[in-house]
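Heavy atoms only: backbone and side chains are in, while hydrogens, waters and symmetry mates are out. Note that the coordinates shown come from a computational prediction; the quantities given were computed from them, not determined experimentally. Letters A, B, ... are given to chains in the order of the sequence lines, protein chains preceding strands, and every chain is numbered from 1.
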There are 2 protein chains.
Amino acid sequence: MSLVRSDIGRLLQYKLCLLRFKELGVNTIFSYNLGEAAGVTAVQVRKDFSVYGIKGRKRGGYNIDTLLIELNNIFGNSRKNIVVVGIGNIGKAIIQYNERFVKKNLHIVAGFDIDPSKQNKSYGVPIYPVEKISEVIKNNNVSTAIIAVPFQVAQELCNILISAGIKGILNFAPIILKVPDEIIVDNINLSNKLEGIIYNINL
Amino acid sequence: MSLVRSDIGRLLQYKLCLLRFKELGVNTIFSYNLGEAAGVTAVQVRKDFSVYGIKGRKRGGYNIDTLLIELNNIFGNSRKNIVVVGIGNIGKAIIQYNERFVKKNLHIVAGFDIDPSKQNKSYGVPIYPVEKISEVIKNNNVSTAIIAVPFQVAQELCNILISAGIKGILNFAPIILKVPDEIIVDNINLSNKLEGIIYNINL
DNA sequence: TTTTTATTGTATTTATTTTCACAAAAAATT
DNA sequence: AATTTTTTGTGAAAATAAATACAATAAAAA
């Protein structure tokens, strides 16, 4: 299993900050300003750009439109289809979040649940029985799935997703999924996040 | 702003895995088994334990009950009260998750929202207007808050929370919050998580 | 009892990430 | 036109994290 590199997380944060600056009518930015907004040092910003071959102008800072083009070259801006497995509290919330993902060209195209009563309801995205996972993923060119099911069934659904061709998983189930090396997994364990914060408070 | 150390995240994962093993009736575990379950190497497990002075028995592995006691000594097991600010999609999902947090002695004691219609509804946790933040936090000995509001108002609410005595924040708003050094913040940006996974898939 | 085997515990090495230091460039000032 | 100031860009150093290697120990087998 591969993990998501930390500099990639920073570049995505820069992209987000730059879009906000652009909306405010800013054209040019210094590493110091971007670092301030992104919560990192100015050197970290310049080093990150340096690694990816992104150039500014000495004493002139960086042009925001140019940076956004460079970042789009790195991340691509083609449409990405996503599915959500498990329409409980978290799964439902994520599906209802879809309109914001769409702005980044991330499209939740389907949800899956074993509960037939969930399958009737529309949250703006069609909900299918889990038996349809393979079919829907293949027909919609879906590369990425969000798992939001109880941990007891998470591995089983993970296996089904990978058989169906899923390459990346955002996993909310509190369990470490066993996947082949080439599959990307990122875990969000809310209890552990909270416990980690509380540990650091009391340090 | 302090970040949550990565070895702490691993220790919490070990704790979770150990609880599951215990439920299955396992008494003793080897670093290899725990590493397998937690998604890390056996050496990493032993090294982590070594750093925190946790001892096993040569060739005998680790006693699970002993490990859990040691881990509880590190993390404490006193009751921790938490509030959620913003009862939108994510905030509502988290509140409805409360019963699972309670098992870890994490208690969501209140939610806050500006929308009065949200304040009537009960999701198992009382919802107050944001004007009550300071009062509720002080009366309930709350150390930790979850921010799930639109990014445009996140910093403002963050400031209110800190004035009210909050020491740690789990932030779902897609913005880097400015806080004093002693305040602990952990960010979850769902779009960035997904974009990071997709970047790594196409690498 | 002695030897072999399995496992922990940790010092050392290697790899990765971040910070420091400063030269190079360009704009602003004198 | 020369000087000063500001900011980028990056090699080198420092800090942090992870992997390797192996001694120490205790259980199991001979």
Practice prompt. Go through the side-chain N and O atoms of A/Lys193 and A/Ser191 and say whether any donor and acceptor fall under 3.5 Å apart.
Written response: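 Judged by distance alone, the side chains do not pair up.
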Item to complete: Report the relative orientation of the aromatic rings in A/Phe49 and A/Tyr62; use parallel for angles under 30°, tilted for 30 to 60°, perpendicular for over 60°.
Response: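 Rings of A/Phe49 and A/Tyr62: perpendicular, over 60°.
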For nucleotides 22-25 of chain C, tabulate all protein N/O to nucleotide N/O atom pairs closer than 3.5 Å, reporting atom names and distance.
none

Fill in: Sole residue of B/Val179, B/Thr144, B/Ile183, B/Ile137 in side chain to side chain contact (heavy atoms under 4.5 Å, CB included) with B/Leu161
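Of the listed residues B/Val179, B/Thr144, B/Ile183, B/Ile137, the side chain to side chain contact (heavy atoms under 4.5 Å, CB included) partner of B/Leu161 is B/Ile137.
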Send over the distance from [X] [atom1] to [N] [atom2], rounded to a whole Å.
| X | N | atom1 | atom2 | result |
| --- | --- | --- | --- | --- |
| A/Asp7 | C/dT16 | CG | P | 12 Å |
| B/Asp48 | C/dT10 | CG | P | 13 Å |
| B/Lys47 | D/dT16 | NZ | P | 15 Å |
| A/Tyr62 | C/dA26 | OH | P | 14 Å |

Worksheet entry | With sequence neighbours excluded, residues passing side chain to side chain donor-acceptor pair (under 3.5 Å) with B/Asn139 |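 In terms of side chain to side chain donor-acceptor pair (under 3.5 Å), with neighbours along the sequence ignored, B/Asn139 is linked to no residue.
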Below 4.0 Å: OP1/OP2 of [N] and any side-chain N or O of [X]:
| X | N | result |
| --- | --- | --- |
| B/Lys55 | C/dT7 | no |
| A/Arg57 | D/dG9 | no |
| B/Tyr52 | C/dG9 | no |
| A/Ser50 | D/dG9 | no |

Item to complete: Would you indicate what A/Gly56 reaches in the nucleic acid, counting non-hydrogen atoms under 4.0 angstrom: base, sugar-phosphate, or nothing?
Response: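 Touches sugar-phosphate only.
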Worksheet item: Checking all strands, does B/Phe49 fall into the base, sugar-phosphate, or nothing category for heavy-atom contacts under 4.0 angstrom?
Response: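 B/Phe49: no heavy atom of the nucleic acid under 4.0 Å.
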Discussion item. Listing request: all side chain to side chain donor-acceptor pair (under 3.5 Å) pairs with a residue in residues 24-40 of chain B, at least two apart in sequence or in separate chains.
Written reply: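 Residue pairs passing side chain to side chain donor-acceptor pair (under 3.5 Å), neighbours aside: B/Ser31-B/Arg46.
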Practice prompt. Return each pair, listed once, that meets side chain to side chain donor-acceptor pair (under 3.5 Å) where at least one residue sits in residues 154-176 of chain B; pairs must be two or more places apart or across chains.
Written response: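 For residues 154-176 of chain B, and leaving out neighbouring residues, the side chain to side chain donor-acceptor pair (under 3.5 Å) pairs sorted by first residue read B/Gln155-B/Asn159, B/Asn171-B/Asn187.
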Residues 95-106 of chain B side chain polar contacts: donor-acceptor under 3.5 Å, at least two apart:
from     : atom 1 : to       : atom 2 : distance (Å)
B/Asn98  : OD1    : B/Ile108 : N      : 3.0
B/Asn105 : OD1    : B/His107 : NE2    : 2.8
B/Asn105 : ND2    : B/Asn77  : O      : 3.0

Discussion item. Using a 4.0 Å cut-off on heavy atoms, which residues in residues 28-37 of chain A reach DNA chain D? List them by number, or say none.
Written reply: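 Only A/Phe30, A/Ser31 qualify.
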Worksheet item: Quick one: do B/Lys15 and A/Glu195 make a salt bridge, cutoff under 4.0 Å?
Response: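 So B/Lys15 pairs with A/Glu195 through a salt bridge.
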Practice prompt. With the side chain counted from C-beta on, respond yes when B/Tyr52 and B/Leu71 share a heavy-atom pair under 4.5 Å apart, and no when they do not.
Written response: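 They are not in contact (no side-chain heavy atoms under 4.5 Å apart), so the answer is no.
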Worksheet item: For DNA chain C, whose closest nucleotide is more 5', that of A/Thr41 or that of B/Gly61?
Response: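 Here B/Gly61 is the residue nearer the 5' end.
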